[in-house]
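Quick notes on the structure that follows.
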Amino acid sequence: MAAVGIHAIQKSFGSTDVLKSIDLAIEDGEFMTLVGPSGCGKSTLLRIIAGLEAQDAGSISIGGKAVDDRRPSARNLAMVFQSYALYPHLTVGQNIAVPLRMRNLSMTERLPLVGRLSPKAAGKKVEIDRQVRRVAEQLDIAHLLDRKPKQLSGGQRQRVAVGRAMVRDPNVFLMDEPLSNLDAKLRVHMRTEIADLHRSLGTTFIYVTHDQAEAMTMSSRIAVMMEGDLIQVAPPAEVYDDPADIRVAEFIGSPKINILSGIVTNQGTVGCNGVEIGIQPDCPAGAEVKLGVRPEKLEIAGPAPGRLTAEIRHLENLGPDMLVHLRMRDEADPIVARCPAENLRTARVGDQVGLVFSPGDVLVFDGTTGLRQPSRFAVPAPEKIHA
Amino acid sequence: MRYGTSTKLGSIAKHAVLALGAVFILAPFVQMISTSLKSSQDIAQGGLNLIPREWAAVENYSQALNATPLLQYMLNGVIVTVCIFAMQVLIALPCAYALAKLRWRGRSTVFALVLMCLLIPPHAVAIPVYILLFKMGILDTYASLILPFIISVFGIFLMRQFFMTVPDDLIDAARMDGMSEFAIVWRVMAPTAVPALVAFGIFSVIAHWNDYFWPLIVLSSEELYTPPLGIATFRTAEVGYVFGPLMAAATMVIAPLVIAFLFAQRRFIEGITLTGMK
C-alpha cells in the first residue's frame, strides 16, 4: 500500500514528445484510471511508473520515496498486461509462483536439482505453494493450477494474470488495458470483479484504458490524457458533468456529447443556427463558442419558431431508451438525443422536429482553445428554454 | 459434383507429383540399404534387384564394424556435434535476444552484419581459420573440430526471427517478476523457443555429423576421425571400393540422424513454419 507521486515526468521518442511534463499525485488506496485515446502517452506513463521505461526528466516516488534508480522488481509493483503475458511453458500454479520464487529463493535454491538439497528452501517452497493456493482460491482458479495457459479461456487467463500480480502483495497494482482482449459480456463482468478486488485489497490501483466506460465505472478518480498532457483529474461524475476541456467532454460519455457552434451576441447570449440561446458566457460579443449538450439532456418536441430544428435520420431502439440521430442544417456533425422510448412512438425517419434543452445543461467551450467557459443564465432564467 | 471430381483429380495429381519426388529422393537410400545386404558377387553382377540374390548382411555389417573402429568414429561424431550445438545455443540465444528485444544504438547495423555473414561460404575462410588453429597449436584435436563452428550466424538469425514473434509483454512481465536479462533468455525465451531450437538443432547436427571437408583438413590422427572420414577409409588403394561393407557403414552412420529426425519431425516442421510467420 502506498501513494504514488509523479513529478514533472517527460518522455520523448525521437522528435515526438510523448509526455510533456506530467504531474499527478495518486493517493494511497486510490483507484486511479489513466484514460485517453490511443497514442496519448498513458501506457508510456504506466511503464515509467513500473520502471520498464526510463523517463527523460522528472521523478517517480512510491510511498514517499523516489524510486527512479530502482529496477522494476525492486519497486514492488505488480502489473497486469493486456495480453496477460503468462509464461506459456509453465502451469498456472508455476506462473503465479514466479514472483515469489524470484523474490524469496536464492539463485541456487531455484535450481532444479541443487535446490532440493537445502532444507531451508524446502520450507520456503511449501510457503510459496500455500500462498499460490490461497490466491488461486480467492480468484476461483484453484482447480486450474495444473493446466497450461494454452488450455485456458480468455477470462481464466485474465484471472491467472491477476493472481500472479496479487501473490506478491504489491504496493501498487498497475493494469494496462487488462480487459481489452475479452469479449463484451465478460468485459462488463470483469469490471465488477476488478472493482471488488480493489475494495477487498485496499491497495492503490493504477489502471490504463482507452475505454471511457471502464474509467467511469471503476475509478475513484480519472486522469484524462490527450497528446501527452494531463487535461483533467477528477472523480468520474465531475469529469462527466463538469469537463474542463472540449476534448474531455467529447471523450467521456457514450454516445458522444453533441457539439453545436455558436457566436456570442451583442446581448451576451449565444446565437446558434439563427436561434438565441439563453446563456451568457464570459466572452466578448462576436466570439466563437462551442456548445456541448449531452444526448440525454436533449428532448424532442414539435418544430416551432425560435426553436432549433433538425431532421431525424435514424432511430435506434435500445429498449427503455431510443437514440435519435438527427441532422441539423449548417452543422457538420450529426446530433444524437437519448429519449425515453415511449415519448417517441410516432417519430419517423425524415420528420422535422424541434430540440428542447435547459440552459443549465449547456456546456460552453471557447471556439478556438476548447477550454471550458464559465457562463450564467440569461436573466430572467427560464426553467426550460424553447430555443 | 463436377467441382468434387476436379478437386479429387487435383489431389490425385498432387499426390502423384509428391510420390514421384519421394521416390527420387529415397531411391539412393534404398539402393544403399539393399547393397549393404548383398555379397560382393551379387553387387558385381549389377542389375536392379532390390532383394539380394545372395545375402551377406552379417558379413558386411560385421566387416564394417571390425575393419575400422566405426563405433569410435561415431562416438567422435556425437562428441563433436553435441559440443558444437551446445556452444552454438549458448552463444546464439543471448545474441538473438539482444538483436530481437533489446534497444541499443547500432542494433540494425549489427543485424545487417549478421545477415552478411550468412553469405560467406565456410570454405572461403577455411585457410585463415586453419592457420589460426595452427598458431594456437590445437590442430588435430576435438577443439579444432568444434571451435570454428561455435558461433552460428544461421542460428542467431533463426532464433532472432523466432524471438521477434514473442510478445514484449512477456519480457516486461518477467522483468516485473524480478528476472535478470540472462534469466529471461534462459527461463522465458529458451522454453518458448523449443520448436525453433529443435529445427536449428537438426540443421546443425546434420551439417556437422556429415561434414567431410573440415575434419579432413584439421585431423591427422585416425582415433579422432568423424563418421564421414571413417567411411572413406573403406576405399583402399589395392582393392578400390569395397561396396558391401562401405554401404553397411554408411547405413549405420546415417541411421542415428534418420531416427532422430523421425522423433523430432513434428517439432522440426513447427520450428520452420513458425519462423516463417509474421
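So that the names make sense, note that chain A is the first sequence line, chain B the second, and so on, each numbered from 1.
- Within residues 34-47 of chain A, the residues having any heavy atom closer than 4.5 Å to a heavy atom of chain B are A:Arg47, listed by residue number.
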Verdict with supporting geometry, B:Asp177 and A:Arg103, side chain to side chain contact (heavy atoms under 4.5 Å, CB included): CA-CA 8 Å; B:Asp177 287 344; A:Arg103 189 174 60 188; over 6 Å; no
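- Residues of residues 132-141 of chain A lying within less than 4.5 angstrom of chain B, judged on heavy atoms, are absent.
- In this structure, A:Glu53 CD and B:Asp172 CG are separated by 8.5 Å, a value rounded to the nearest 0.5 Å.
- Within 6.0 Å of the CD1 atom in B:Ile151, the count of heavy atoms belonging to other residues, nucleotides or ligands does not exceed 12.
- When each of B:Ala183, B:Ala173, B:Pro167 is scored by its heavy-atom pairs under 4.5 Å with chain A, the top score falls to B:Ala173.
- When the shell of 6.0 Å around OH of B:Tyr142 is examined, it contains more than 12 heavy atoms from other residues, nucleotides or ligands.
- To the nearest 0.5 angstrom, A:Asp176 atom CG is 7.0 Å from B:Asp169 atom CG.
- Rounding to the nearest 0.5 Å places CG of B:Asp168 at 9.0 Å from OG of A:Ser83.
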Pair B:Met179-A:Val98, side chain to side chain contact (heavy atoms under 4.5 Å, CB included): steps then yes or no: CA-CA 9 Å; B:Met179 290 194 200; A:Val98 166; 3.8 Å; yes
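- For B:Gly178 against A:Ser73, the heavy-atom pair with the smallest separation is CA-CB, 3.2 Å.
- Side-chain atoms of A:His89 never come within 3.5 Å of backbone atoms of B:Val194 as a donor-acceptor pair (strictly under, hydrogens ignored).
- Only the side chain of A:Arg164 comes within less than 4.5 Å of a heavy atom in chain B; its backbone stays farther off.
- Both the backbone and the side chain of A:Leu77 come within contact range of chain B, with heavy atoms under 4.5 Å apart.
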Residues B:Met176, A:Phe81; criterion side chain to side chain contact (heavy atoms under 4.5 Å, CB included); working and verdict: CA-CA 11 Å; B:Met176 297 292 298; A:Phe81 293 87; 4.3 Å; yes
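- A:Ala74 does not touch chain B: none of its heavy atoms, backbone or side chain, sits under 4.5 Å away.
- No more than 12 heavy-atom neighbours from other residues, nucleotides or ligands sit within 6.0 angstrom of CZ on B:Phe29.
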